Each structure stands twice: as structure tokens, then as C-alpha cells.
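Inspection log for the structure reproduced underneath, given as C-alpha cells.
As the structure lists them, so they are numbered: ligands from 1, and atoms in each ligand from 1. The chain is numbered in sequence order, starting from 1. If you're wondering where the values come from, they're calculated on a predicted model, not measured in any experiment.
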Amino acid sequence: MGLGKKMGMGIESVGILNCSMFFLFILILLPSHYYCSQIYNITASQPLAHGQSLVSPGCIFELGFFSPNGSANQYVGLWHKNISPRKVVWLANREEPLADTDTLASLRISSNGNLELVDRQQNTVWSTNVTMIQVSSSNTSSVAAVLSDDGNFVVKHVIGAGQSIWQSFDHPGDTLLPTQLQGFDTKSGTKNVLTSWRSNKDASMGIFLVGLSAETPSQLFIWINGSIPYWRSGPWDKSKFIGIPIMDDRYNSGFSLDDSLIQGTTYFSYSFFDTL
Ligand SMILES: *[C@@H]1O[C@H](CO)[C@@H](O)[C@H](O)[C@H]1NC(C)=O
Ligand SMILES: *[C@@H]1O[C@H](CO)[C@@H](O)[C@H](O)[C@H]1NC(C)=O
Ligand SMILES: *[C@@H]1O[C@H](CO)[C@@H](O)[C@H](O)[C@H]1NC(C)=O
Ligand SMILES: *[C@@H]1O[C@H](CO)[C@@H](O)[C@H](O)[C@H]1NC(C)=O
């Protein structure tokens with residue numbers, strides 16, 4: 001309502017050329033036409049270009065190109081759409097930044113079905129790098145990248161069962177989102193850890209690393225330089241880590257640690273019903 005009224009005012013005052021109203025008009029139009037160019041999936045025929053953003057179906061998360069304040073680095077990042085100031089919760093190319101001046105970079109589905117970030121010269125700077133994607137007769141139209149309302153960025157087949165090829169939840173940065181699993185799988189040898197940014201301007205891996213220790217019961221550790229213990233949570237005791245006094249020990253606290261001897265996996269996660 002307010003928007004339509006103000007835009008109307010802008011149009012009516014063109015004849016009078018009222019400067020302040022002209023600027024009001026521009027300010028209202030710019031965000032919707034430049035910054036909020038939104039798409040809901042990345043496909044072989046629809047890459048994500050600089051200046052566009054990918055949004056989740058419920059508009060909870062947004063993914064796009066950004067430069068940290070005062071940095072010459074440019075990244076593809078993921079953040080909550082409605083939290084201000086923006087807090088980036090995941091990054092694609094954290095170790096391979098683009099120059100902040102590169103406005104021709106894009107995130108696209110490559111000919112082998114991977115999601116790749118290319119710079120202005122079309123050089124690949126980052127890729128999901130999954131081998132052996134079963135693309136039906138080289139038809140990359142059958143692969144798409146979408147953002148879920150839980151913040152998971154997923155590359156998947158869009159035909160058949162919609163099988164997932166790659167997901168950002170398996171490659172965390174410095175943030176663990178609700179329902180995302182942090183831990184390890186001893187059979188496949190995979191391990192999810194959180195790692196700090198080097199600085200506010202440089203998102204590459206810093207010196208702090210958070211992960212679960214390979215013992216039973218497990219505990220959370222913060223290590224420096226990958227091996228020096230800096231902090232530990234104390235072992236998991238059914239509903240909480242015993243070394244964290246403020247941790248809620250009610251049965252249904254929202255925190256869980258699932259240990260499966262059969263599958264060889266140990267995962268920590270959290271989920272609060274009121275956020276769903
Ligand atoms: C970015 O930096 C400028 C200048 O230092 C500062 O005024 C502004 O608040 C910063 N913005 C954010 C989002 O941190
Ligand atoms: C892709 O995977 C191969 C083999 O695992 C590795 O050598 C290469 O560095 C990876 N490339 C990227 C961009 O991660
Ligand atoms: C590729 O896949 C798309 C989506 O499933 C389908 O519409 C199209 O016909 C396919 N093209 C070829 C050449 O197989
Ligand atoms: C971690 O590594 C850096 C770089 O090698 C070094 O300067 C620093 O002293 C190390 N920190 C600790 C606590 O060992």
C-alpha cells in the first residue's frame with residue numbers, strides 16, 4: 001500500500017521535477033529491480049548471475065554473491081533472508097575467493113552435472129566436484145541446485161526419485177544450523193567439523209576447529225591448528241554435555257547426540273520446535 005502510494009507520488013511529481021521525490025522514487029525502485037532479482041533454482045539453462053540471489057521456497061534463506069565489508073574478496077554465501085545485519089552461515093568458495101570487481105562471475109550447472117562457480121573468464125574457481133554423476137544421456141537439464149527452508153543447499157536430480165548428488169550440510173563452514181548433523185562416519189571416513197574464518201574480511205579457514213572427539217561417550221572439542229585442545233564440553237550425558245552448566249538437561253532440550261555402533265556414526269545436532 002505505502003509503496004504504491006509513494007511510487008504514485010513519484011510519477012505525479014515528474015512534471016514539477018521535485019528532486020527529493022525523484023530520489024525517493026529511485027530508492028524504492030532500485031532494490032526491487034537490482035538487488036532482489038530472485039530465482040528459486042539453478043538449472044543448466046538458468047545460472048545464478050552476479051546481482052541475483054537464490055531463495056528458499058518460504059523465503060527463509062538466501063544465497064548470492066557478496067563481499068565482506070572492506071574486503072577485496074568476493075564469495076558465494078548463504079544467509080538468513082530476514083536477519084540484519086547479514087550473518088553468513090555457509091560459503092561455497094571460501095578458499096578460492098573471486099575479486100570483488102568481478103561482476104561477470106556466475107554459479108552454473110556444468111556439462112558433467114556438477115555445480116561450478118566460474119569467474120569472468122569462465123575459469124572454474126570452485127566446484128562440487130562429484131565424480132560419476134549419472135546424467136541421463138548427457139542431459140544436464142535433469143540436474144538442478146535448490147535451497148531448502150532449513151538452509152541446506154542441494155544439488156539433485158530433478159527426474160525420477162529426485163536423488164541428491166551433493167549438499168552443503170555435508171560441508172559446513174563456521175555455523176551449524178538446526179537439524180544439520182555434526183560428527184563422523186568411521187566406515188566412510190567422513191568427518192564434519194566447523195572452522196572459524198581467518199578474519200572478518202577473509203573467510204578462509206582460521207585456526208579454530210570444532211568437532212566431536214572419537215571416544216564413547218563423545219565430547220565437543222575446540223582445537224587450535226587442528227590438534228591443540230583449547231576447550232572441551234565434557235562427555236555427553238544423555239541430554240547434555242556435562243561441562244556446560246547452562247545447557248538445558250530436560251529430556252526434550254532440543255540437543256541430541258546419536259551414536260550408532262552398527263553404522264559407525266556419531267552425530268550431534270539440535271532442533272527447536274518453535275523455529276520450524
Ligand atoms: C562497514 O564498514 C563501514 C565503515 O567502516 C561501517 O560504517 C559500516 O557500519 C560497516 N557495515 C557493516 C554491515 O558492518
Ligand atoms: C576435485 O577432486 C579431485 C580428486 O578428488 C581433486 O584432485 C581436485 O583437487 C578437486 N577439485 C576441486 C576444485 O575441489
Ligand atoms: C532432458 O531432461 C529434461 C527434464 O527432464 C526433459 O524435459 C528433456 O526432454 C530432456 N532432453 C533430452 C534431449 O533428453
Ligand atoms: C598455530 O599456528 C600458527 C601458524 O603456524 C602459529 O603462529 C601459532 O603459534 C599456532 N598456535 C598455537 C597455539 O600453537
Side-chain angles (χ1 to χ4, degrees), residues 63 65-80 83 85-102 105 116-117 119 123-129 151 153 166-178 180-237 240-247 255-259 264-270:
L63 177 142
F65 291 82
F66 81 102
S67 285
N69 207 358
S71 166
N73 290 342
Q74 182 177 200
Y75 302 97
V76 168
L78 169 55
W79 51 83
H80 285 88
I83 293 182
R86 181 189 288 172
K87 169 68 184 88
V88 174
V89 297
W90 182 79
L91 290 157
N93 56 324
R94 71 183 294 196
E95 302 293 340
E96 302 90 10
L98 292 159
D100 64 342
T101 49
D102 190 343
E116 65 176 9
L117 175 64
D119 66 10
N123 294 321
T124 303
V125 298
W126 174 87
S127 162
T128 49
N129 208 16
F153 183 39
W166 177 95
Q167 55 173 358
S168 63
F169 269 19
D170 292 337
H171 305 272
D174 71 346
T175 305
L176 190 72
L177 291 170
Q180 185 175 2
L181 303 178
Q182 180 185 25
F184 51 86
D185 180 335
T186 51
K187 285 188 181 160
S188 68
T190 54
K191 189 169 185 176
N192 285 348
V193 294
L194 305 183
T195 47
S196 61
W197 287 22
R198 193 164 286 273
S199 74
N200 287 340
K201 295 179 188 175
D202 179 355
S204 67
M205 206 179 281
I207 65 167
F208 294 101
L209 188 149
V210 184
L212 282 177
S213 62
E215 59 192 316
T216 307
S218 196
Q219 51 182 325
L220 277 174
F221 266 86
I222 298 179
W223 289 283
I224 296 182
N225 289 348
S227 60
I228 303 162
Y230 176 75
W231 176 88
R232 64 189 180 94
S233 64
W236 179 256
D237 174 26
K240 65 177 197 305
F241 292 108
I242 61 169
I244 308 181
I246 58 164
M247 213 164 166
F255 295 97
S256 63
L257 191 138
D258 293 314
D259 224 340
T265 56
T266 302
Y267 287 115
F268 172 68
S269 66
Y270 70 97

Practice task
Answer yes when Asp170 and Lys191 have at least one side-chain N-carboxylate O distance shorter than 4.0 Å, and no when they do not.
Solution key: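 No.
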Practice task
Assess the side chains of Thr195 and Arg94: does a donor N or O sit below 3.5 Å from an acceptor N or O?
Solution key: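 Checked: Thr195/Arg94 side chains pair up, N/O donor to acceptor below 3.5 Å.
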Practice task
Answer yes if the side chains of Trp90 and His171 hold a donor-acceptor pair under 3.5 Å, and no otherwise.
Solution key: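 Looking only at side-chain atoms, His171 and Trp90 do not form any donor-acceptor pair under 3.5 Å.
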Practice task
Would you check if Phe184 and Thr265 make a side-chain contact, meaning some heavy-atom pair closer than 4.5 Å?
Solution key: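 In short, these two side chains do not touch, never coming nearer than 4.5 Å.
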Exercise for the section: Determine the minimum heavy-atom distance between Thr266 and Ser218, stating which atoms define it. Expected result: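 Closest approach of Thr266 to Ser218, heavy atoms only: CG2-CB, 4.2 Å.
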Problem - Min heavy-atom dist Ile228 to ligand 4 below 4.0 Å - result: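 Under 4.0 Å: yes for Ile228.
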Problem - Which residue and heavy atom of the protein sit nearest atom 12 (C) of ligand 4, plus the separation - result: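 Answer, as residue, atom name and distance: Asn225 ND2, 3.6 Å.
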Strictly less than 4.0 Å: does any protein heavy-atom distance to [atom] fall in that range?
{"atom": "atom 10 (C) of ligand 4", "result": "yes"}
{"atom": "atom 14 (O) of ligand 4", "result": "yes"}
{"atom": "atom 5 (O) of ligand 4", "result": "no"}

